[in-house]
Each structure stands twice: as C-alpha cells, then as structure tokens.
Amino acid sequence: MSELTLDVQGLSTHFLTRGGVVKAVEDISFSVPRGRVLGLVGESGSGKSVTGFSVIGLVDPPGQIVRGKILFQGRDLTKLDERELRDLRGNRIAMIFQDPMMTLNPVLRIDTQMIETVLAHEKVPREAARQRARDALGMVGIPSPDERLVSYPHQFSGGMRQRVAIAIALLHRPDLIIADEPTTALDVTIQAQILAEVQKLAREVGTALIWITHDLSVIAGLADDIAVMYAGRIVESGSVSEVLDRPMHPYTHGLIGSVPSRNARGTRLRQIPGMTPSMLNLGPGCAFRARCARADAACAADPQQSTPVAGRTLRCFHPQLEVTA
Amino acid sequence: MTTWMLRRLIQAAFVMLVMTVIVFIGVNVIGDPVEILISPEADQAERARAVAALGLDKPLWEQYWRFLSGALQGDLGRSFVFNEPALKLIAQRMPATLELAITAVLLSVIIGIPLGLYAGLKPNSIGGRIIMGGSILGFSLPTFWVGLMLIMVFAVQLGWLPSTGRGPTRELFGVHWSFLTWDGLRHMALPALNLALGNIALVLRLTRAGVRENLPMDYVKFARAKGISPNRVVFVHVLKNILIPIVTVVGLEIGGLIAFAVVTESVFAWPGMGKLIIDSINVLDRPVIVAYLMMIVLLFVVINLIVDLLYTVLDPRVRLETKE
Amino acid sequence: MSATSQEAAPMPPKQETPFRRFISEYSESPVAVVSFIVVVLIVAIALLAPWISPQDPYDLAQLDIMDGRQPPGSRSMETGLFFWLGTDDQGRDMLSGIMYGLRISLGVGVGSAVIACIIGSALGLIAAFAGGKVDTGIMRLVDLQLSFPAILVALMILAFLGKGVMNVMLALVIVEWARFARTARSAALVEARREYMEAAKCLALPQWRLVFRHMLPNCMPPIIVIFTILVARSITLEATLSFLGLGVPITEPSLGLLIANGYQYMLSGKYWISFYPGIALLVTIMAINLVGDQMRDVLNPRLKR
Ligand SMILES: Nc1ncnc2c1ncn2[C@@H]1O[C@H](COP(=O)(O)OP(=O)(O)OP(=O)(O)O)[C@@H](O)[C@H]1O
Ligand code: SF4
Ligand SMILES: [Mg+2]
C-alpha cells in the first residue's frame, strides 16, 4: 500500500448550470500522506468546499467530476459505485461541514444521529454504539455527554454543534478527515483544544487530514503542507514552512500580506486589490491577472503547473521570488 | 405546558360559545322560530300555546339562555320527522361518518406521501410530472362529480365494487362499523377514495414541497456524508422533517373531511350524519340541523386541540418552547 | 394575442408597459393561452345561449316527452332536431340545457365573487388603514370564517334561509369575502410601505384620495388573481349545493342541478344526462383555474402557495 492516503490527480469539477459552465474546480492535483495535515486555503468561492465534496463524492447536481483521479489508499474513488462510496463515507473518510447550525438534523436526537453512523458501518449492539457515541462526545470536550446524547440540536450552541459534528467524524477513526472551516464558529480556547485533539489523532492513528480555511494562522500552526486555491485552481503548494516563508505566487504574497500576525508591527495590512472573478464561463488565461501587479501579455494564456523546487508546485508565469516587504 | 393547555381550552370554549350565538341567531332571528319549531299543521290556538310553551314570547336573551342551558344538558330538541331527540339521531349516524372520514385521512396519507416523495425525489421524471398534473385535478374537480365518475366506472361499467350503502356492519364497543367486514370494506372503498381525493392532492403537494425544500439542506448532505443508507436519509431524516407540517395540515383537514362527507354521503347513499343533515334540510327538520351544526363545531374544536397537542409532541423545537 | 388583451382590462390603464409585459409573460405558457381562449368561449356561449342553442329547453311547447332519454347522436321523432348530446328524461336537448345551465352557473359564480370582492376588499383596506382594534376585529372575523370549511358555512346559511338563487349567492358571498379581505389587507400593507405612498403623504393628499387613487390600483393584481380563483370555487360550490338539492330551484337549473337530475339514470347506463353537464362544469372550472394560476405566477411569484 502506498504511503499516500489521498492522491488527487488532475481533478476537475464543473457545474453545468443554465447560465453556463462553472469550473468550480479545474485541474487540481495534490496529495496527503498518512498522518499529515494539508491546509487548503483560498478566498470565498475559490472552490475549497467543492474540492472536499468531490473527494467524498457528494457534489450536488448540476455539478459533476468531469476529469481526473482521486486515489484513496490506491483506489480511484471516481470509479467506485455509490454503494462502495457509501461504505467509505463516514467510515474511512469523514467530512466536517462548514456551517455547524445546519449540519445536524433538527428533529432527530443527537444519540440517533450518532448511533446511526456507528451502525451504518459496523455490526455492533446498540448499547455498544451508544457507548462509542458517548466517548466521542467526551473526546471533543462536551461536558456530561450522557445528558447531551438525549438532547436535540437546537439545545446546543453553534460551537457545541460543531463539536458534535466533529465527534461524529471521529466515530470510526477514519483514515482521512476533510474539515471544512470547522473551527470558524468556535471560540479561541475551544479552537485550540480541538486542533490539538485532531493533531493527536493524526499522529496516533495516522489519519490524514485536509483542513480547509481562510485563516493562514491556523494553517501555520497545524498543517504540514499547504495548497493555495484561486478561482478553482491550486496556484501554489508545498510544505507550510516553505510556502509561507518563501511564497512565489503573487496571490500567496497577497494572502500573507493580509494576515495581521505575520506582519511587522506598525506596518499597514495590505488587502489584495479587486474582487474574486465570477467563475461562470471563466475564459482562458490566469484568473488572477486582473488583480496581479506582475501581469503582462503572457498571462493571457493559462499558466501551466511547474515544479520550481522539489516538493512545490506553482502556476504563474512571473513568480515573485523576493520576500514581501 | 399546563397554562398553555388551559389557554387553549378557554379559547375552544369561547369558540363554542360564539357558535351557539350564531346558530341561535340563525334559527331564531333570521329564520322564523315558530315555523321551525312548530309543525305546520298546527292551528292558531295550538300555535299560541306552543309559542308560550317554547318561551318564544320571552325576551331574546332569556330564550338564548334556555337554548344554551338545554345544549349544555345535551338537549337540542326533538326531530319532527323521527320524533326522537335530535342529538341521539346525530350520535347514531356519527360512527358511519367518522369511519369514512378517518379512512379517507388514512388513504390520503398512504397514497399522498409516497406519491409526493416520488415527485419530490424525481421532479423531472415523467412519473413526477404526471403526479403533479394529477394533483391539480384532485384539487379542482368537484367532489360530487368525481364520485359519480367512480360509480360509473367501478360500479356500473366494471362492476367491481358496490356503489351505495354501507354494507354489513359488525359491532365493536357497542357501535356498528363497516371496516370490520370484508363486504363493508368493499362498500367503503369508493366513498372513502372520493372523500380522500382532495386531501391526497394536498398531502402529495406538501410532501413534494417538503422534499424539494429539505433535500438541498446541509443536514441531508451531512447524513449522506456519514455513509448511512439512502433509504434512511429519505425515510428518517427528510421524512421526519416533512411530517411535522403534514401532520398539522392533515389533522386540521379532518374537520373539513367530516363536513365534506355531506357530499360524498349523498352521492354514495352512505348513511352517515351528512346524509341525515341534507335530508333534514330538505324537510326543514331544524332541531336536527341545529344539533348537527353544534356537533360538528364541537368536533372541529376538539380536533384542533388534538392537532395542536400532537404538533408539540412531534416538533422538538416547539416542545422546548412550551416547556419553558 | 388579441384574445389576451381583454385579460387585464381591470388593471389601471396608466400602466401601459407593465401591462404589455404581463401579456407577454402570460403568453409564455401555451396551456394558459388555450385556457384563456376556452374561458372566453364559455363566457360567449353563456351570454349568447338564447340565440345559439338548438332549442329553448325551458319552453315546454318545444319539448316532447317521446324524445325522453335519447342517446347522443339521435334525432327527434317529431321535429327532426338532432340531439348531439342526447336528451334528458323530459326530452330536453342536453346541449341546449348545458348552454342555459352555463348561464346560471357562471352568473351565480361571477355575481357572488364580484359582491364578495367589493365587500371583502373594502373591509380589508379598512383593516389595513385603520389598524388597531378595527384591524384586529376584522381579521379575527376573517380567521374564524376561514377556519370553517366553505361547504359547512354554506350549508348553515342555506339551512337558515332556505333554497333559491339569491340565498345561494348570499351564502357564496359570506363564504368568500374573508379571502378577499385577507388578500386586500396584506396587499395594502405592502403598498403602504412603498415610496409613492410616502410621497403622497408628504404632499398631504386627503386620505380617501390616497386609498382610492393610489393604493387601490396598486393592490389590484393580487385581488384579480384571487378573484379568478374564487370564481372557479364559487362555481364548484354552487354546483355542489345544487347537486345536493340545496341550491338553485328546478326552474333555473345550473350545471350542478342538471347533473343531479341525470344521476338516477346513470346506474341504468344512461350516462349522458349527467356526464356531459359534468364535462362542461369540469372544463369551465379547469380553464378558469389555469388562467388564475398563470396570472398568479406572472403577477406575483411570491404569492405561490
Ligand atoms: N450548486 C452549485 N451550482 C453552481 N455553482 C456552484 C454550486 N456550488 C458551488 N458553486 C460554485 O463553485 C464555486 C466554489 O464554491 P465553494 O463552495 O467550493 O467555495 P469555497 O472556497 O468553499 O468558499 P467559502 O470559503 O465561501 O466556503 C463558487 O464560485 C460557486 O459559484
Ligand atoms: S500568471 Fe501572470 S497574472 Fe497570473 S499570477 Fe502570475 S504574474 Fe500574475
Ligand atoms: Mg466552502
């Protein structure tokens, strides 16, 4: 078996809407080795969630995976049928959703929603499943889990609901967890606690993790690798220390420049000028060029993925090699 | 919870009171009570005696008070036609109507929910479109006409099912029911279907709308991401969410069904209280009319109460609010 | 579509452009256009019945009992009149009967809807404008009225008043006014928050002017929609009541009564006496409903229920 838990090659996911084609994810490749954490960053609408949903095979219609391979422990998920995918979902691959207020079913008790997840993949007695659910709630720091199990979602705060969702994801100690901005709704101490918990799991069980976020500081503290998305493409990737210390893509520079903690004290935060382009019927050429200070005529063509340094990828004609002031 | 119950009970009692006033005014002020309460064959002297005996020479509020206290003791007058207490007549006919209405409710749920689920899960399929088109018919076709067509097709042309009457009944808890015999069930099939038609369309549309509304929700996607079976996603996760509005609406429609049974019972000669009321209106047997109206309002109020209660039991969110 | 132009005649004439847009959006659905044409045809038949029907079904001199219960497509022994849709038990041509029946059905349905519309809309506007206790009082009444099924309310009224065309219409008005009141009130409340109302208030225009010149025309679209749908409902309800023998008298038979009269013969296979009036009723109701549905979709997509 390969060391790579997940190896995505040339994945494209498009939405065939009435207004035209939305290339939400276009020709992206990345991999996550066993026990490592990949941080997936990018601004709103860049295709991070769609990437996550593509991996677990839950892209909503009219979206569909049009090209590429998703190798999970060597099996191509795009070739599996729904039944085989279902056996993996929630079992070997778990996902934590972005909005904790919406992910739990409002009219089912927490225990129902947890136990069904256990029973979907393992033939164990109900009591044992319940015990597992209890333990998982305890693990994510929910006090008096026995009481909480018989509650309904509306009796929980947003942060508590997200912890329940995380607990559900941990039930089967999956090989891969896709966490879609899971800690945004949590306060800082809980966030730290959950991050630590997840890191521990990654180390001990060897779970591979995709952590989707806007927040570079979370990535800096948690992830091993980073992939920066822009308008459906991965524009730059590599190990966290490499990319954050020596970014090459102008967009990555911009992102780092807009994070407070990494700026020298007293200097102004710099926003990236302009707006994310509409992804509907996006033409050829580098999607960032309208906002890029280095853009020139060459950028009207699609920049191909290159490997400037071993272990890093880049999509840009004019990489910015100097460190941002 | 108890204060809530108490408030609802007081509300219900108030509605009942208002209805007694309306019915009283209808009979005694709009209509001519002498004509209503005294047989037309009576001569002048008899009339005067009867007016005095009935207290029609008393002031209106006193008359109302007599009517109300009579109603409270279950005395709503005697039928001219049957010469029996009107309330007793209604009570005798009620099981047949209730049986029909409840069967219709069951039919509308048993047929409406699966069709609605199908149309909701496959909105663009041919089947889904046919179901939706059919539901428009179910809404707008006049009940009595559909009843006639059912008789024409299934009773006259095909000869599969009987067209009129209740068939043999069997006693249970001292009441006669059709659903306990096979032939009784056969007699009930067409009228119940006829009565259910509008409600089938209603339940179907509610279910479809609910499915369309709930499917794109994150909780459905999350449920799928947990790897549970698609059947469980639809029949437990989605259906439980949809069921709350459906139960509420269907519950509230039971009253409407009982009222609408008037039409179905007339078409199929089903001996329920709807048939009785039409016959009574035709011969101006007003005590029976009054008794029917009071009875049906009471049924309404009770049903609304039960539905409210059921709603709070089903929806955990409401349940919590009422507890606090 | 020239036929469609009559459609929005009650709409305020000033809104020339929205009116054009309404027509083109309405015409997007072929079913709706066909339904509209059918409605126009039905109205024409009802209006012109005395001139276009093969016989006057209520002139006893024209009837011959010998022609009773002839199947569709037969010919009268006496007069040689061709019975397209057969005859009833008294030798009356069903086609003529249906044409005259349409007159009564439509007359009662439209008439009651118009009266209910005027009374209900007025009360709804008053509620919206007066607010406070008046509003609460009117809306309580509306809620109470709507919580009881139409058939029950109608039965109750006819039980108190007895049969007759006028009483049926009165019952229909009482059943329907509440929907108009509710619609008018909510439309008025939406309009009241619009800019032009603010502007009109700033100009200190008198209240009545505000309501009738500015508010009412802008509240019309939802009221027209509800009106169309309620005409179909009144026709259904009237037919139902007449079928039950509680509606129009035998001398003025509507479609419902025609169906009731043929009912007893249906079991012996003489289906046409009930069947064709039923079809006429059905087509009428469906066509009006489809027109109403499309108007609702075009005029106010949010009104969909
Ligand atoms: N159902 C859909 N139909 C059409 N387009 C869609 C659909 N879902 C997503 N998209 C498109 O895919 C693109 C990527 O969406 P995605 O949700 O992956 O963004 P994201 O990076 O997760 O953003 P955020 O940080 O706001 O969550 C968006 O531009 C959106 O327009
Ligand atoms: S390819 Fe050109 S436009 Fe795109 S980021 Fe690089 S320099 Fe900017
Ligand atoms: Mg997202």
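Below, chain A is the first sequence line, B the second, and so on; all start at residue 1.
Listed options C:Asp293, C:Leu244, C:Leu281, C:Leu155 were ranked by heavy-atom pairs under 4.5 angstrom with chain B; first place goes to C:Leu244. Put simply, of C:Thr240, C:Ile285, C:Leu158, C:Thr236, the one with the most heavy-atom pairs under 4.5 Å next to chain B is C:Thr240. No other option in B:Val15, B:Thr143, B:Val263, B:Ile289 has as many heavy-atom pairs under 4.5 Å with chain C as B:Val263.
Looking at C:Leu152 and B:Tyr292, their side chains come closer than 4.5 Å, going by heavy atoms from C-beta outward.
Heavy atoms closer than 4.5 Å to chain C are found in the side chain of B:Ile296, but not in its backbone. Neither the backbone nor the side chain of B:Val290 comes within contact range of chain C; no heavy atom of the residue lies under 4.5 Å from a heavy atom of that chain. No part of C:Ala232 comes within reach of chain B, as not one of its non-hydrogen atoms sits under 4.5 angstrom from that chain. Both the backbone and the side chain of B:Leu148 come within contact range of chain C, with heavy atoms under 4.5 Å apart. Neither the backbone nor the side chain of B:Phe139 has a heavy atom closer than 4.5 Å to any heavy atom of chain C. The parts of B:Phe260 that come within reach of chain C are both its backbone and its side chain, each placing non-hydrogen atoms under 4.5 angstrom from that chain.
The distance from the CD1 atom of C:Ile235 to the OG atom of B:Ser140 is 12.0 Å, given to the nearest 0.5 Å. With rounding to the nearest 0.5 Å, the separation of CD1 in B:Ile136 from CG in C:Asn289 is 9.0 Å.
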Note to self: Please determine whether side-chain contact (heavy atoms from CB on, under 4.5 Å) holds for the pair B:Trp145 and C:Ile279, giving the CA-CA distance in whole Å, both sets of side-chain angles, and the decisive distance to 0.1 Å.
What the structure shows: CA-CA 9 Å; B:Trp145 190 81; C:Ile279 294 294; 4.0 Å; yes
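Considering every non-hydrogen atom in both C:Pro149 and B:Ala259, the closest pair reads CG-CB, 3.6 Å.
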